[in-house]
Amino acid sequence: MDQNALKRAVARAALDHLQPGELVGVGSGSTVNFFIEELGKVRDRVAGAVSSSERSGRLLREQGIEVLDLNEVLGAGRRIPVYIDGADEINPALQMIKGGGAALTREKIVADACSRFVCIVDQSKWVEVLGGYPLPIEVIPMARELVASRLRAMGARPKPRDGVVTDNGQLILDVAGLRIEDPAALEAEINQWPGVVTVGLFARKAADVALVATAGGVEQRLPARG
Ligand code: 5RP
C-alpha cells in the first residue's frame, strides 16, 4: 500500500472517534487533509470544527464544515471532546514531534483545549526514541541566534526553515542531531527560553490514543506505561 493509501485509511478510521453532534478540533498536515475530506462526507455528524491552521480552516470550509473561533467556543462554555491530528514522530508513550507543517503553536493550543487527542499516523512515524526527525521550534525572529546558540551548546544542529513564516508571523528552527530520551523534560526546558514561542514536542500532554496505519490495517495503540 502506498503512503497516501495508508494516510487515507487512518483518516477514515478517525471518524469512529468523533462524538456525534459535538465539535471537533482539527490539526494540520497531509494526513489531516485526508481526514478533512473524509469528514466532509459525514459533515452532519459534527456541530463544527476548531482549526489549528489557516490552511485546515480553508479546507474545512470548502467541505461545508463550519469553523468556529476557539475563544468564542470556550467563552460560550462549549466543550471540544476530541482533537484529531497527525505527527512527524510518535513513540510508545504517544509523545510526539510535530510542526513539520509549521502549525505547531496553534496545534498545541487547540489540542490543549480538547478533551482527547487522537493521533493519526502511518507506521513510518512510529519510533522508539524521538529525535530522528528534526525538532521544529517556533521562534520570534529577533531571538533566532540566541535560541540557536543554546541548541548548538547542547550538541544539536539548528537550521532556520527557508521561506517559512508561521500563521503567527514567526519563524521555524528545525533542530537536527537530538536523541530525545526525556521528551517532557526537554519540552519544559526549551519552552522557557526567551524568544521561543513553542517547541514541537508534545510530551507533557501526549496523545490519548494513536491510530497507526500499517499494511495489515489500522491499529489502535494506547500509551505504554513507562
Ligand atoms: C503540522 C504537523 C503535522 O501533523 C505533521 O507535520 C505530520 O504531517 P503529515 O501528516 O503531512 O505527515 O505537525 O504542523
Side-chain angles (χ1 to χ4, degrees), residues 1-15 17 24-39 49-60 82-91 94-114 116-127 130-139 159-176 180 183 187 190-191 196-214 218:
M1 224 192 266
D2 73 9
Q3 207 180 11
N4 280 345
L6 292 173
K7 288 180 181 186
R8 185 173 292 283
V10 78
R12 203 174 284 139
L15 296 177
H17 291 257
V24 58
V26 177
S28 304
S30 58
T31 315
V32 165
N33 293 348
F34 284 114
F35 171 71
I36 293 171
E37 266 182 50
E38 295 298 322
L39 185 62
V50 174
S51 172
S52 65
S53 64
E54 301 293 340
R55 179 171 164 76
S56 289
R58 197 173 63 250
L59 294 174
L60 284 159
V82 66
Y83 179 69
I84 312 280
D85 200 357
D88 299 301
E89 280 187 347
I90 183 164
N91 70 12
L94 308 191
Q95 298 167 314
M96 297 158 282
I97 286 183
K98 292 184 45 55
L104 61 163
T105 296
R106 295 190 189 193
E107 289 172 344
K108 216 178 246 197
I109 293 168
V110 180
D112 198 57
C114 299
R116 184 174 153 81
F117 189 140
V118 177
C119 182
I120 52 173
V121 289
D122 61 76
Q123 177 68 38
S124 69
K125 310 290 184 67
W126 190 263
V127 297
L130 299 175
Y133 188 94
L135 175 65
I137 305 179
E138 184 165 355
V139 175
K159 188 171 176 295
R161 196 179 296 178
D162 276 346
V164 170
V165 177
T166 69
D167 284 352
N168 313 306
Q170 315 300 342
L171 62 80
I172 299 284
L173 285 178
D174 288 310
V175 186
I180 307 173
E187 180 181 11
I190 295 177
N191 258 340
V196 168
V197 179
T198 305
V199 57
L201 274 170
F202 288 54
R204 292 164 74 80
K205 190 167 186 270
D208 296 287
V209 60
L211 304 180
V212 183
T214 71
V218 176

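Ligands are counted one by one from 1 in listed order, and the atoms in each one are counted from 1 as well. Treat the numbers as computed from the prediction; the structure is a model and nothing was measured.
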Give the atoms of ligand 1, by number and element, whose distance to some non-hydrogen atom of [X] is under 4.0 Å.
X      : result
Ala102 : 14 (O)
Gly29  : 11 (O)
Asp88  : 5 (C), 6 (O), 7 (C), 13 (O)
Asp85  : 4 (O)
Ser28  : 1 (C), 2 (C), 3 (C), 4 (O)
Ala87  : 4 (O), 5 (C), 7 (C)
Glu107 : 1 (C), 2 (C), 13 (O), 14 (O)
Ala103 : 14 (O)

Please give me the minimum heavy-atom distance between [X] and [Y], naming the atom from each residue.
X      : Y      : answer
Ala206 : Leu94  : CB-O, 3.1 Å
Ser28  : Glu107 : CB-OE2, 3.3 Å
Val110 : Ser51  : CG2-O, 3.7 Å
Gln3   : Ser124 : NE2-OG, 3.4 Å
Val218 : Leu211 : CG1-CB, 4.0 Å

So which heavy atom in the protein is nearest [atom], and how far is it from that ligand atom?
atom                    : result
atom 10 (O) of ligand 1 : Thr31 OG1, 2.6 Å
atom 4 (O) of ligand 1  : Lys98 NZ, 2.9 Å
atom 11 (O) of ligand 1 : Ser30 OG, 2.5 Å
atom 12 (O) of ligand 1 : Lys125 NZ, 2.7 Å

Student check: side-chain heavy atoms of Asn191 and Val196 closer than 4.5 Å: yes

Test item: Asn91 side-chain N/O and Val127 main-chain N/O as donor-acceptor pair under 3.5 Å: no

Ligand 1-proximal atoms of Val121, by part, heavy-atom distance under 4.0 Å: neither

Ligand 1 contact on Ser53 by region, counting heavy-atom pairs under 4.0 Å: neither

Ring-face cation of Lys98 near Phe202 (centre distance under 6.0 Å, axis angle within 45°): yes

Sub-4.0 Å heavy-atom approach of Met96 to ligand 1: no

Whether over 12 other heavy atoms sit under 6.0 Å from Arg161 CZ: yes

Between CD1 on residue Ile137 and CD1 on residue Ile190, distance to nearest 0.5 Å: 4.0 Å

